[in-house]
Amino acid sequence: MNDPRDFVAHEAALLDERRFDDWLALFAEDGHYWVPLLGAAQVDPFSHNSLAYEDRLLLQLRVDRLKNPRAHSQHPASHSQHVLQPSRIAQEGAASGEVLLHTPFIYIEARGDNQTQLSGTARHRLVRTPTGWSIRQKRIDLLNAARALPAIQLFI
Amino acid sequence: MTTYRNRPDLVAALVQDDRVHRDLYLSEELFALEQAHLFANTWVFLGHASQVPASGDFITQDIAGRPLLMVRQPDGAVHVLYNRCAHKGTQLLTDESGNTGRFFRCPYHAWTYKLDGAPLAIPLKNGYEGTQLKACESGQGLASVKHVKVYRDFVFVRLSEQGPSFEDYCGEVLGAIDNMVDRSPEGQLTVGGGVLRNIVHCNWKMYLENINDTVHPMSTHESATQAAEALWQGHAPTDPKPMAMEQILPFGSGYEFFDNMGGRVFANGHSVLGVNFSIHSNYAQLPEYEAAMRAAHGETRATEILQRSPQNSVFYPSLSVKGSPQAIRVIRPLAANRTLIEAWSFRAAGAPALLFERAMSYNRLVFSPMSVVAHDDVHLFESIQQGLRAGGNEWVSLHRNFDAAELTQSTITTNGTNELLMRNQFRAWAKSMVAGMEVAP
């Protein structure tokens, strides 16, 4: 998978197929998953809070929890659907091997009779590896991150 | 059909000594009566003065269905006004926060008011000559909330004319705010990092009860704590933990831990859970910060402040305080089956950035809509909200450790798993609901 835009589509598909271990393996060792509370306006994850700011350890915890039969909130289980607009390459560093992609999306999380719909832009900072790409940061800028939200149980 | 309006006898009968009726959680009529009575008769947390630092700064906030404005005055005082133009009722401000300048100007007909609500100007003034406007409420400017208390920058309101003073209402639980503010060597907190907002489809009282419930973590949070323990396995107890692990692992403590942490109830529904210790007691020590605290407060007082770290301190009916980490939760009821929960973080002046990081990290891990811990809580609250509709039993049990002697005492210190902390909330509920309620002829 040479085109990073294909990688972004693949990453979302793994989530929607609930292949969470395969998904987590896409992250670099120092990779982060970040959903800022100010959306696109937020400068960093330290001066203002976030809906989620997780390193691999916390993401692993989340994935392991989802597999636990006593994860009560997963009875019934949640399912997700990412509807992605084509990704745009926002930045490309030949020297660093990094590429930044912007992907506007609609995200739907369904559980039982309820559906939650969110929208925004995913910003992937990817780094080239011998076997393809890995995620240094997946940042989700929600349209209304700071408003009242219901429980979001999977990964946007 | 009304059942409970102007029937204080029927309302009071919903709270028995050791159980409560399901209508408390399900009835829309009772919710409307709570808005009219309970949230008017009690001192309700509105906001923090640091949200309006400069003259003209405001926040808008609904309390019990009434749109209010908190605004900083030119002389530094904080005023609370009803967010309703004296003319037609337009909300003067609809942004969440901002600065209104030196006066309010209604967007509809441009009536203007001073920051304290006094009338300033009306267009086409001549048209009011010879009318009764000046004598009428509409000519008096913006109505203000008369009973406002700014306690160490925490702003509370009592909407009803009659009722206890703030100090009489809160009593000893005020020590929890003191402790939180005193953790700043300069005695000053500011709200920082934004507010996490959750919509939970359950009754607000159920959420508040759970803040005083120590028997649920072992079973409710099993999935999150088992995952955390498995990931942390193999590390020595003395290994420095990442902050997330430091904050999540104690949720897996056993029944004995939670029982021994102890609890205390006060009059009017307030309580402190974790009077001996809590899941927050063993965060890593910070020598430089402790030195700053000793310099500010003296050796004895500094130790006293830092050693006190309750699980939760409840200011009934809607505020829960955690001195360590520096975080509060605010409960904003929206309907009988819908509640907004806010989680706020604070910066403490003169304290290291790590304290603020702890507050933000804790709120993010535990109280965010994307929390790794709260999903199971929220699922169970929503499950209870449905389950209570089932027939067969109209009552919710609060029997654990019931002792008839508790009925005649106001301040009681007890074990941490005693449902007295919840019974105490519901006794206060009944009292505040019927106070001032008229009796149907």
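Here the structure is a predicted model, which means the values were calculated and not measured. Lettering of chains follows the sequences in order, A, B, ..., and the numbering in each one begins at 1.
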Near [X] [atom1], under 6.0 Å, is it more than 12 heavy atoms from other residues, nucleotides or ligands?
X: A:R5; atom1: CZ; answer: no
X: B:E288; atom1: CD; answer: no
X: B:N282; atom1: CG; answer: no
X: B:R66; atom1: CZ; answer: yes

Shortest non-hydrogen separation from [X] to [Y] and the atoms involved:
X: B:P369; Y: A:P150; answer: CB-O, 3.6 Å
X: A:F46; Y: B:F356; answer: O-CE2, 4.0 Å
X: A:A151; Y: B:H375; answer: CB-CD2, 3.8 Å
X: A:Y33; Y: B:M370; answer: OH-CE, 3.8 Å
X: B:V195; Y: A:L37; answer: O-CD2, 3.7 Å

One thing to verify: whether B:D376 and A:R65 come together as a salt bridge, which I'm taking to mean a side-chain N less than 4.0 angstrom from a carboxylate O.
yes

Could you measure the distance from the [atom1] atom of [X] to the [atom2] atom of [Y]? Nearest 0.5 Å is fine.
X: A:S50; Y: B:N363; atom1: OG; atom2: CG; answer: 12.0 Å
X: B:S361; Y: A:N49; atom1: OG; atom2: CG; answer: 8.5 Å
X: A:S73; Y: B:E382; atom1: OG; atom2: CD; answer: 10.0 Å
X: B:S383; Y: A:H75; atom1: OG; atom2: NE2; answer: 12.0 Å

Toward chain B, the part of [X] with a non-hydrogen atom under 4.5 Å:
X: A:V63; result: neither
X: A:Y53; result: both
X: A:R147; result: both

Go through B:A359, B:S371, B:A374 and name the one with the most non-hydrogen pairs under 4.5 angstrom from chain A.
B:S371

Relative to chain A, which segment of B:V200 carries a heavy atom at a distance below 4.5 Å: side chain, backbone, both, or neither?
neither

Show me the pairs that pass salt bridge (Lys or Arg N to Asp or Glu O under 4.0 Å) and involve residues 31-45 of chain A, at least two apart or across chains.
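Found none.
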
Going through the distances and angles, do B:I199 and A:L149 end up as a side chain to side chain contact (heavy atoms under 4.5 Å, CB included)?
CA-CA 5 Å; B:I199 294 285; A:L149 294 167; over 6 Å; no

Beyond-backbone contact of B:R364 with A:L51, side-chain heavy atoms, under 4.5 angstrom:
no

Using heavy atoms and a sub-4.5 Å threshold, report which of residues 217-253 of chain B line up against chain A, by residue number.
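The list, in residue order, reads B:S219, B:T220, B:E222, B:S223, B:A224, B:Q226, B:A227, B:A228, B:L231, B:P242, B:A244, B:M245, B:I248.
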
At a heavy-atom distance under 4.5 Å, which candidate from A:D64, A:L154, A:L61, A:L66 has the highest pair count against chain B?
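Most pairs with chain B among the choices: A:L61.
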
Under a 3.5 Å cutoff, is there a donor and acceptor pairing between the side chains of A:R111 and B:H379?
yes

